[in-house]
Amino acid sequence: MPGIAIVGLQWGDEGKGKITDYFAAGVDCVVRYQGGNNAGHTVVIKDKKYKFHLMPSGVLQGKKVVIGNGVVVDPEVLLNEIDMLKGNGLEIDLMVSDRANVIMPYHRMLDGAEENLLGNKKIGTTKRGIGPCYSDKIARHGIRMGDLLNEEELKEKLERVLPIKQKIMELYRLEKIDEKKLFETYLEYGRKLQKYIGDTIYYLNSIIDEKRVLFEGAQGTLLDIDYGTYPFVTSSNPVTGGICTGTGVPPKKIERVIGVAKAYTTRVGMGPMPTEERGKIGEYLAEKGGEIGTTTGRKRRCGWIDMVALKYACMINGVDEIALTKLDVLDGLEEVKICVAYEYEGKEIARFPSSLLTLEKCKPVYETMPGWDGARGKKKYEELPENAKKYVEYISDHLGVEISVVSTGAKREETIVL
Ligand code: GDP
Ligand code: IMO
Ligand code: MG
């Protein structure tokens with residue numbers, strides 16, 4: 001069976017949680033492959049809102065869920081999510097990779113300390129320890145989920161890295177790590193999570209040919225460590241390429257790529273965003289779209305849709321089809337704008353630049369279209385206002401990619417499948 005990928009095409013918060021939940025109904029297993037609890041994926045069922053940071057959103061459809069080796073796991077957050085789901089009477093069939101790196105308290109502390117030192121040049125991270133944890137993974141100083149299961153192994157790993165960490169904590173004038181307490185706390189996490197931890201690489205490869213597997217991306221292409229607006233990015237690869245390194249499933253097994261894009265653009269944290277609207281329009285979108293971060297409660301920056309960025313994202317991810325979300329948020333506007341190119345030093349450019357200085361100087365070139373009202377809650381394409389349909393078709397034509405889903409509200413049923 002083909003593997004399906006769901007990836008964010010903008011700066012995160014595109015509605016991946018809702019779209020994953022929707023497609024999860026038709027699959028057997030949902031897998032997270034990168035990121036950690038910096039993610040905040042919302043699924044709304046009837047009037048209940050679920051917010052997931054680590055747990056794949058498919059869990060609400062009662063599907064097998066897997067946290068792959070490319071994810072960084074904060075065990076406390078994972079245990080809380082398991083408890084939350086159990087508290088809601090839900091069954092959990094979860095497997096967590098024994099190779100996934102563990103977020104330690106010093107990662108969270110260093111995330112905060114580095115941001116403080118950067119001052120007004122900070123990244124605006126979620127302060128969940130994501131960057132420092134991935135740094136340790138690459139530096140070969142990481143603790144992995146499997147290490148939590150073996151007293152000897154955990155002891156040895158900690159003895160190896162803690163002298164380095166203590167030095168760094170001293171340098172940053174942070175609290176000294178209580179090594180005994182840390183060891184006991186993480187051993188206890190291991191005991192509690194033992195039944196979930198296993199070899200997800202063999203598991204996923206054993207089911208990928210017979211079962212339907214969905215890979216749920218966190219963050220988005222423009223936050224990708226390689227393809228995003230570096231250094232104002234996250235520390236992993238949210239793009240489809242990240243699925244292979246983050247799960248051990250080979251590229252040939254991923255046959256369908258669904259890119260999720262909002263009908264406008266948002267960004268939380270620092271860094272350039274060419275179509276940002278700082279005035280009335282930005283406020284309108286923020287207010288109407290409820291653009292408050294799921295993880296940190298920060299206000300999201302808002303602006304018009306950016307086709308230069310989207311085209312770039314479709315290329316990198318090999319997007320076959322797009323799920324366009326939050327079309328209803330544009331309801332009630334007299335006109336809507338679509339950024340079709342950037343103007344840079346008097347010339348029009350159609351490529352997303354790698355240099356931040358260049359991107360900061362890019363001015364959006366807009367096409368203006370008449371607005372509409374009444375897309376909200378529609379369940380059939382024919383029921384959409386004419387101008388809303390024209391907007392959807394314009395985006396699809398411009399990108400040369402089919403739009404297969406249009407979302408008109410946060411709830412499961414507020415979804416149009418084309
Ligand atoms: P994710 O991180 O990509 O999963 O997205 P978030 O959950 O952080 O943010 C998307 C927000 O928009 C959530 O509050 C969703 O419930 C909500 N949402 C998703 N799709 C739609 C939609 O089509 N219309 C509206 N109005 N809200 C939506
Ligand atoms: P979902 O999965 C939006 C942003 C942060 C910051 C940058 C780096 O819900 O789409 P990090 O803590 O990862 O080191 O922060 O990335 N960021 C997100 N923005 N949605 C997310 O996840 C994000 N995860 C991280 O705001 O700018
Ligand atoms: Mg989110």
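Hydrogens, waters and symmetry mates play no part in the numbers below; they use all other heavy atoms, side chains included. Whatever order the structure lists them in is the order used to number ligands and atoms, beginning at 1.
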Salt bridge or not between [X] and [Y]? Use side-chain N to carboxylate O under 4.0 Å.
X: E276; Y: R278; result: yes
X: K380; Y: E382; result: no
X: D320; Y: R256; result: no

If you draw a 6.0 Å radius around OH in Y186, do more than 12 non-hydrogen atoms from other residues or ligands fall strictly inside?
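More than 12 within 6.0 Å, yes.
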Say whether G40 and ligand 1 are in contact under the criterion: heavy-atom distance to a ligand atom below 4.0 Å.
yes
With a 4.0 Å cut-off on heavy atoms, is H53 touching ligand 1?
no
Any side-chain donor-acceptor pair under 3.5 Å between [X] and [Y]?
X: E216; Y: H41; result: yes
X: N237; Y: T245; result: no
X: R267; Y: T229; result: yes
X: Q34; Y: Y134; result: no
X: R298; Y: T296; result: yes
X: T408; Y: K326; result: no
X: K262; Y: T266; result: yes

Would you say ligand 1 has an N or O under 3.5 Å from any N or O of [X]?
X: T42; result: yes
X: G17; result: yes
X: S407; result: yes
X: G409; result: yes
X: G12; result: no
X: K49; result: no

So if I count the atoms of ligand 1 from 1 in the order they appear, which ones are less than 4.0 Å from some heavy atom of [X]?
X: K16; value: 1 (P), 2 (O), 3 (O), 4 (O)
X: H41; value: 1 (P), 2 (O), 4 (O), 7 (O)
X: V44; value: 16 (O)
X: A410; value: 16 (O), 18 (N), 21 (C), 22 (C), 24 (N), 25 (C), 27 (N), 28 (C)

Heavy-atom cut-off of under 4.0 Å around ligand 2: list whichever protein residues fall inside it, by chain and number.
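The answer is W11, G12, D13, K16, N38, A39, G40, H41, I123, G124, T125, T126, A218, Q219, L223, V233, T234, V268, G269, R298, counting any residue whose heavy atom sits under 4.0 Å from ligand 2.
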Can you classify the ring geometry of W372 versus Y391 as parallel (below 30°), tilted (30 to 60°) or perpendicular (above 60°)?
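The arrangement is tilted - the two ring planes meet at 30° to 60°.
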Is the F352 ring parallel, tilted or perpendicular to the Y342 ring (thresholds 30°, 60°)?
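Taking Y342 first and then F352, their aromatic rings sit tilted (interplane angle of 30° to 60°).
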Determine yes or no for a side-chain-to-main-chain donor-acceptor pair under 3.5 angstrom, with E414 supplying the side chain and A410 the backbone.
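Yes, because the side chain of E414 sits within donor-acceptor range (under 3.5 Å) of the backbone of A410.
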Closest protein heavy atom (residue, atom, distance) for atom 10 (C) of ligand 1
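Answer, as residue, atom name and distance: D13 O, 3.9 Å.
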Atom 26 (N) of ligand 1: the protein heavy-atom neighbour that sits closest, reported with distance to 0.1 Å:
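That would be D328 OD2, 2.7 Å.
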Heavy atom to atom 17 (C) of ligand 1, shortest distance: which of K18, K326, E14 holds it?
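Nearest heavy atom to atom 17 (C) of ligand 1 lies in K326.
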Quick test of your reading of the structure: of K411, R300, E414, K262, whose heavy atom lies closest to atom 9 (O) of ligand 1?
R300
Pick out which of [options] makes a side chain to side chain contact (heavy atoms under 4.5 Å, CB included) with [X].
X: L9; options: N317, I258, V260; value: N317
X: P56; options: V30, T20, V71; value: V30
X: C362; options: I349, T275, D306, V308; value: I349

Under 2.8 Å from the Mg ion (ligand 3) - protein N/O/S, by chain and number
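Listed by chain and number, the nearby protein N, O or S atoms are D13 OD1, G40 O.
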